[in-house]
*Asks:* 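Could you have a look at this structure, given as C-alpha cells, before my questions?
These numbers come from a predicted model, not from an experiment.
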Amino acid sequence: MRRLGFFLGVLLLLGVIGLGMQYIPIFGVFNDGVARVTVPAARTLSLWSQHFRSAFTVIVKSRTMAAEFESLRTRAGILSAQVADLQMLSTENASLRKQLNFLEETKLKFTAAAIIGLTNDDGRSILILDRGARHGVGVGMPLVAEGGILIGKIIKVEEQKSFALVTMANHSRTAVSLAKTPGTNGLITGDRNLSLTLDYVPADVPLSVGDIVVTSGLEPLVPRGLVVGTVDELLPAENSLFQRAYIAVPYSLSELQYASVILSNAQ
C-alpha cells in the first residue's frame, strides 16, 4: 500500500509540473525535456482514473442488480405461494361441489365436515371430523367423499366432533352389491388399511374386473348406491358357492380434506 501511494504521488507531482510548464513562464525552458516524462505519466494517470471510475460503476451497478434480483425472487416466491393457495382452494371447492351435487340429487340429509385428524391404531385408520352430536351425527352413519364415494362409517360421537372408521381398516364390514345387479351380492372387508376384499358373491352372479361395487342398502343407516370401489382382481374361490375379489378404492386417505356425513336416507 505504501509503494502504491508513493507511485501515485509521483504521478500526481509530474502532472502538476506538466501543467505548470504550460502556464508558468519560468518552467518553459524545461518544457521539451520534462514533457517527455510528464505527458506519458499524465496519460497513465488519466487511464487509471478512467479504469477506477469504470470499476466503481460496475461494482455499484452489480450491487443494485443483486438487490433488484433478490427483490424479484422474493416477489416470485410470494406469487408462487398465492398461486398454490388459489389452486388448493379451487381443488377444495371442486370437491365440495361434487359432494353437494350428489347429495342434492339424491335428496339425502347430510352435514359437511372437515377432516381434522387421522389416527392409525393397529391397522384401524380412523378419521376425526369437526362435526358431532350437536350437528346430528350418530354412530353407524356413513361418511362419503365427492361423488358419493363411501370412505367410512361413524363409530364414535362427541358433542363437537366424531370419529369414522375407514372402509379399508381392520374390522370394517359393509354390505354391498354390484351396481349392475339388484339386491345384496356380498360383503366388503377391510384389511390393514391397505385393501378391500369382496366376499360371499354368489357363484351365479356375473363378476368381472372393472365392475362397480356399491352399498346394498341392507344396513339401516347406509343408503343403497354409495360407491365403494371397483373390482380390481378376481381371487381363487374358497368353495364353489361364492366368488371373491380385491376392490380398488377411488380415493387416497392422505388427500382427503372434506367429507359429508349422511344423516338420514329418508327423502
*Asks:* Please give me the minimum heavy-atom distance between G229 and P250, naming the atom from each residue.
*Replies:*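 Reported closest heavy-atom pair: CA-CD, 4.0 Å.
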
*Asks:* Strictly distance-based, threshold 3.5 Å: is any side-chain N or O of Q243 a donor or acceptor partner for the main-chain N or O of Y200?
*Replies:*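 No, Q243 side chain to Y200 backbone: no donor-acceptor pair under 3.5 Å.
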
*Asks:* Would you give the length of the straight line joining atom OG of S195 to atom CG of D232, rounded to the nearest 0.5 angstrom?
*Replies:*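 S195 OG to D232 CG: 10.0 Å, rounded to 0.5 Å.
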
*Asks:* Do K153 and V222 come within less than 4.5 Å of each other through their side chains, counting heavy atoms only?
*Replies:*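 The answer is yes; the side chains approach within 4.5 Å.
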
*Asks:* Would you check if D199 and T197 make a side-chain contact, meaning some heavy-atom pair closer than 4.5 Å?
*Replies:*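 Touching, per the 4.5 Å side-chain cut-off.
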
*Asks:* Any chain of hydrophobic side-chain contacts (each under 4.5 Å) joining I151 to I128?
*Replies:*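 In one cluster: no.
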
*Asks:* Would you please test T111 and R131 for side-chain contact (heavy atoms from CB on, under 4.5 Å) and show each step?
*Replies:* CA-CA 8 Å; T111 181; R131 292 291 185 272; 3.8 Å; yes

*Asks:* Do you know which two heavy atoms are closest between G136 and L263, and how far apart they sit?
*Replies:*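 Looks like O-CD2, 3.5 Å.
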
*Asks:* Count I, L, V, M, F, W, Y as connected when their side-chain heavy atoms are under 4.5 Å apart, and connections chain through other members. Are L241 and L235 then in the same cluster?
*Replies:*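 Different hydrophobic clusters.
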
*Asks:* So which pairs with a foot in residues 161-172 pass side-chain hydrogen bond (donor to acceptor under 3.5 Å, both in side chains), sequence neighbours left out?
*Replies:*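 Listed once each, the pairs are T167-Y251.
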
*Asks:* Can you tell me how far the CG atom of L187 sits from the CG atom of L218, to the nearest 0.5 Å?
*Replies:*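 So the gap between those two atoms works out to 9.5 Å.
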
*Asks:* Nearest 0.5 Å please: distance from the OG1 atom of T230 over to the CD1 atom of I247.
*Replies:*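 Reported value, rounded in 0.5 Å steps: 7.0 Å.
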
*Asks:* Taking the side chain from S260 and the backbone from F110, do they hold a donor-acceptor pair closer than 3.5 Å?
*Replies:*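 No, S260 side chain to F110 backbone: no donor-acceptor pair under 3.5 Å.
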
*Asks:* Going from CG on L127 to CD1 on I116, what distance comes out if it is rounded to the nearest 0.5 angstrom?
*Replies:*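 Reported value, rounded in 0.5 Å steps: 10.5 Å.
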
*Asks:* Below 4.5 Å, heavy atoms only, C-beta onward: do V261 and I154 meet side chain to side chain?
*Replies:*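 Yes, at least one pair of side-chain atoms sits under 4.5 Å.
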
*Asks:* Show the numbers, then the answer: is there a side-chain contact (heavy atoms from CB on, under 4.5 Å) between V176 and T184?
*Replies:* CA-CA 6 Å; V176 297; T184 300; over 6 Å; no

*Asks:* Membership question, hydrophobic clusters at under 4.5 Å side-chain separation (ILVMFWY): are F242 and V228 in the same one?
*Replies:*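 Result: no, two separate clusters.
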
*Asks:* Taking all non-hydrogen atoms of both residues into account, name the closest pair between A133 and V157 and its distance.
*Replies:*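 It is N-CG1, 3.3 Å.
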
*Asks:* Heavy-atom distance under 4.5 Å between the side chains of Y246 and L196, does that happen here?
*Replies:*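 No, too far: nothing below the 4.5 Å cut-off.
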
*Asks:* Hey, does V205 have a side-chain heavy atom less than 4.5 Å from the side chain of L178?
*Replies:*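 Yes. Closest side-chain heavy atoms under 4.5 Å.
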
*Asks:* Could you go step by step and tell me if V249 and M168 meet the side-chain contact (heavy atoms from CB on, under 4.5 Å) rule?
*Replies:* CA-CA 9 Å; V249 297; M168 290 188 294; 3.9 Å; yes

*Asks:* Tell me yes or no: between the side chains of S177 and S216, is some donor less than 3.5 Å from an acceptor?
*Replies:*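 There is no such pair between these side chains.
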
*Asks:* Say whether V139 and L150 are linked into one hydrophobic cluster, either directly or through other cluster members, by side-chain heavy-atom distances under 4.5 angstrom.
*Replies:*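 Looking at the clustering, L150 is in the same group as V139.
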
*Asks:* Sequence neighbours left out, what pairs pass salt bridge (Lys or Arg N to Asp or Glu O under 4.0 Å) with at least one residue falling in residues 172-186?
*Replies:*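 Of all non-adjacent pairs touching residues 172-186, those that pass salt bridge (Lys or Arg N to Asp or Glu O under 4.0 Å) are K180-D211.
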
*Asks:* Are the side chains of L221 and I262 in touch, meaning some heavy atoms are under 4.5 Å apart?
*Replies:*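 With C-beta onward as the side chain, the pair stays apart.
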
*Asks:* For I212, does the CD1 atom have more than 12 heavy-atom neighbours from other residues, nucleotides or ligands under 6.0 Å away?
*Replies:*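 Atom CD1 in I212 is not packed in, count stays at 12 or less.
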
*Asks:* Can you see which heavy atom on A164 is nearest to which on L143, and at what distance?
*Replies:*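 Scanning both residues completely, I find the closest heavy atoms to be CB-CD2, 3.8 Å.
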
*Asks:* Indicate yes or no: at least one non-hydrogen side-chain atom of D130 is less than 4.5 angstrom from one of Q160.
*Replies:*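 Answer no - side chains too far apart.
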
*Asks:* Given L118 and S125, is the side-chain contact (heavy atoms from CB on, under 4.5 Å) satisfied, shown in steps?
*Replies:* CA-CA 7 Å; L118 171 64; S125 282; 4.1 Å; yes

*Asks:* Quick one: are V166 and I126 in side-chain contact, heavy atoms under 4.5 Å?
*Replies:*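 Counting from C-beta outward, V166 and I126 never come under 4.5 Å.
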
*Asks:* How long is the straight-line distance from CG of L165 back to CD1 of I155, given to the nearest 0.5 Å?
*Replies:*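 The distance works out to 5.0 Å.
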
*Asks:* Nearest 0.5 Å, what's the OG1-CD distance between T174 and E219?
*Replies:*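 T174 OG1 to E219 CD: 5.5 Å, rounded to 0.5 Å.
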
*Asks:* Grouping I, L, V, M, F, W and Y whenever their side-chain heavy atoms are under 4.5 Å apart, do L256 and I149 come out in a common cluster?
*Replies:*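 Yes; tracing contacts between hydrophobic side chains, which count when under 4.5 Å, links both residues.
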
